[in-house]
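Have a look at the structure below, then the notes.
Everything quoted here is computed from the prediction, not taken from an experiment. Every chain is numbered from 1, with letters handed out A, B, ... down the list of sequences.
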Amino acid sequence: MPRSIWNGTITFGLVAVPIKVYSATESKTVHFREVHAKDGSRIEHRRICPKEGKAVEYKDIVKGFELSKGKWVELTDDEIAAAAGSQSKRLEVDHFVPASDIDPDFFERTYYLGAGAKGKDAYALLHAALDKAERAGVGSWTFHNRERTVVIRTLDDVLALHTMRFADELVDPRDYDLPRVRKKPSAQEIKMATALVEGLSAEFDPTAYQDEYREAVLAVVKAKAAGKNIEPPADEEPESGDDLLASLEASLAAA
Amino acid sequence: MPRPLWSGSLSFGLVNVPVVLFSGVKDTNLHFRQLHAKDHTPVEIHRFCAEEDEEVPYEEIASGYETDDDELVVLTDAELATAAPRKTRTIAIEAFVDVEAVDPIYLDHPYVLLPAGDADGTARAYRLLLEVMAGTERAALGRFVLRTKEHLALIRARRDRLVLTTLRWHDEVRPTKDVPTPTKRDKPAKKEVDQAVGLIEALATDWDPSRYEDTYEKRLKKIIRDKSKGKTIDAPETEKDPEPVPDLMAALEESLAEITSR
């Protein structure tokens, strides 16, 4: 396990649970760096003042917020950090919700909570009680100068922490209008489509899916390294079926 | 209406629904720019070749990959594009799963999926899928390529629309086995668990996302306002870190007594 990224204490009531926070996920996207195409030289990003047409040194850079066109308020890193509030190492959980009521769109990132050196009994108690109550704790956590709403729940033997999106960050799908339909889907179409859904029903098994694109990218890298010629593949486009009922019938017959 | 991030088709058996994709998340953050200190000119980022010390136009930028034996492999955008799977414009539904069976740890970015155009056939096929998914409480699993990356995506009904959430690949989720957990010796007594459950129940509410607000953005707005009026911004006081309590049972009892007396 990599090193913990934050150490602190969960409090619920007067109980304090020392914890260590670990990232639960890691991106496996293949990363490239920018290079000059002709010889692979390193590319540098330089800050240029467009007025002077010259590079600006880092010490001559400040952060600004644009109040109105061309009118900037300059802020230091410390002033921006002050927005985080008290930089506390306390993660206060003050209410508990049924985790299954939370719409998936609110979940942002997941972390694992490890038990701190002291107070492992308190960690075990919180874990056992959340399990038994079938609830998740909600609290607020300041991480990287930023305060977030978090949900803490049990996952196997550990506690998992999810950072949550705020309601005003989510788009309401109903803000988008749907085109009117002349005729609603018929009872027969619904019946057939439901049968098709049932026919394709499966357990969610995330291990059944591999990132084939990641593997394809690595294969292209390998081919290029071996000096092979890389040819683009032809595109395939599906036909859009006009007759909904006929398409459903054919799909069911094929299933 | 913003421009869609992606357009293509959702295929379900032999039914194809032309669809467009919009982000399900709004950027509510305040953004800062880097400025030249002396006159507040916003600086621009330009790309330079470190060898030649010359600016490099965008067309001359390629992707470099460093192999394990420190060899640099250079790929052009066209070469990299050959890795993209063939059916780049289709989300093929492979299976339908229980929404609740998908652990939140897999959830990545939410999107809204809408019918493309207003052709009657498209609108009807979309409504059919929406109605069936809402009725069965199932979500569709499929793959699709957004920009240059392939994603596993979960499509479900939410608020009378289809929404899509990209999922993390299973090997991007770390195992829990290396996380330090309590030992058997730390196992709580039954009466402690009961007392803690009592505390949880005393603090139980429904999930109501509207009660949480982004206090960070709120404070940041105030700081910007104060600074623009020439006020000094003070660093907030740091709180004392809480200490583990020696007697869990006593702490639980005291907490419960405090809540019930409110």
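Using a cut-off of 4.0 Å between Lys/Arg side-chain N and Asp/Glu carboxylate O, B:E243 and A:K118 are scored as salt-bridged. With salt bridges taken as basic N to acidic carboxylate O contacts below 4.0 Å, none links B:E51 and A:K38. Ion pairing between a basic and an acidic side chain is recognised when a charged N comes within 4.0 Å of a carboxylate O; A:E74 and B:K227 show no such pairing. B:E79 and A:K224 are joined by a salt bridge, as a carboxylate oxygen and a charged side-chain nitrogen come within less than 4.0 angstrom of each other. A salt bridge does not link B:E150 with A:R214: every distance from a Lys NZ or Arg NE/NH1/NH2 to an Asp or Glu carboxylate oxygen is 4.0 Å or more. A salt bridge links A:E212 with B:R143: the closest approach of a Lys/Arg side-chain nitrogen to an acidic carboxylate oxygen falls below 4.0 angstrom. Classification of A:E44 and B:R47 as a salt-bridged pair fails, no side-chain N sitting under 4.0 Å from a carboxylate O. Salt bridge A:E52/B:K38: present, at least one basic N to carboxylate O contact under 4.0 Å. Under a 4.0 Å N-O distance rule, the pair B:R158/A:D105 qualifies as a salt bridge. Looking at A:R174 and B:D160, a side-chain N of the basic residue comes within less than 4.0 Å of a carboxylate O on the acidic one, giving a salt bridge.
The backbone N or O of B:D120 lies less than 3.5 Å from no partner atom in the side chain of A:R182, so there is not a single donor-acceptor pair. In this structure a side-chain-to-backbone donor-acceptor pair under 3.5 Å is present from B:S255 to A:L14. Side-chain atoms of A:Y112 come within 3.5 Å of backbone atoms of B:R174 as a donor-acceptor pair (strictly under, hydrogens ignored). Put simply, the side chain of B:R159 never gets that close to the backbone of A:D172: no donor and acceptor are under 3.5 Å apart.
Aromatic ring centroids of B:Y212 and A:H95 lie under 6.0 Å apart.
Looking at B:I61, the atoms closer than 4.5 Å to chain A (heavy atoms on both sides) sit in the backbone and in the side chain alike. Only the side chain of B:T136 has a heavy atom closer than 4.5 Å to any heavy atom of chain A. When heavy atoms are compared at a cutoff of 4.5 Å, A:V217 approaches chain B by way of both its backbone and its side chain. Interface remark: A:D94 contributes backbone atoms only to the contact with chain B (heavy atom separation under 4.5 Å). If you measure heavy-atom distances from A:E203 to chain B, the contacts under 4.5 Å come from the backbone alone. Proximity to chain B is absent for every atom of A:V17, based on heavy atoms less than 4.5 angstrom apart. Heavy-atom distances place the side chain of A:R165, and not its backbone, under 4.5 Å from chain B. Using a 4.5 Å cut-off between heavy atoms, B:D208 does not touch chain A at all. Both the backbone and the side chain of A:R146 come within less than 4.5 Å of a heavy atom in chain B. Heavy-atom distances place no part of A:A160 under 4.5 Å from chain B, backbone and side chain included. Heavy-atom distances place the side chain of B:V56, and not its backbone, under 4.5 Å from chain A. In this structure, chain B has heavy atoms under 4.5 Å from both the backbone and the side chain of A:Y209.
Taking chain B as the reference chain and counting heavy-atom pairs below 4.5 Å, the highest number among A:A216, A:G119, A:G13, A:A202 is found for A:A202. Taking chain A as the reference chain and counting heavy-atom pairs below 4.5 Å, the highest number among B:I200, B:T41, B:V132, B:V197 is found for B:I200. Chain A forms the most heavy-atom pairs under 4.5 Å with one residue out of B:K187, B:E213, B:E100, B:E71, and that residue is B:E213. Your options are A:P98, A:P104, A:A128, A:A82, and the one with the most heavy-atom pairs under 4.5 Å with chain B is A:P104. For the options A:T29, A:D121, A:T76, A:T194, heavy-atom pairs under 4.5 Å to chain B are most numerous at A:D121. Contacts with chain B were tallied for A:H45, A:K222, A:K89; A:H45 has the most, counting heavy-atom pairs under 4.5 Å. Per-residue counts of heavy-atom pairs under 4.5 Å with chain B were compared for A:V158, A:V197, A:V73, A:V97; the largest is that of A:V197. Contact count versus chain B (heavy atoms, under 4.5 Å) is highest, among A:L248, A:D156, A:I80, for A:I80.
Shown here for B:I105 and A:A24, the closest heavy-atom pair between the two residues is CD1-CB, 3.9 Å. Of all heavy-atom pairs spanning B:T181 and A:K120, the tightest one is O-CE, 4.2 Å. Across all their heavy atoms, B:Y65 and A:H31 have their closest contact at CD1-O, 3.7 Å. Residues B:P209 and A:A167 share a closest heavy-atom pair of O-CB, 3.9 Å. Minimum interatomic distance between A:T110 and B:P104 (heavy atoms only, all atoms of both residues): OG1-O, 4.2 Å. Taking each heavy atom of A:S251 and B:V15 in turn, the nearest pair found is OG-N, 4.1 Å.
Atom NZ of A:K28 has more than 12 neighbouring heavy atoms from other residues, nucleotides or ligands inside a 6.0 Å radius.
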**OP:** Using the side chain to side chain donor-acceptor pair (under 3.5 Å) rule, take B:T215 and A:E147 through it: C-alpha gap first, then chi angles, then the decisive distance, then the call.
**Re:** CA-CA 7 Å; B:T215 48; A:E147 195 177 320; 3.1 Å; yes
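Ring planes of B:W207 and A:F106: perpendicular class, angle over 60° (limits at 30 and 60°).
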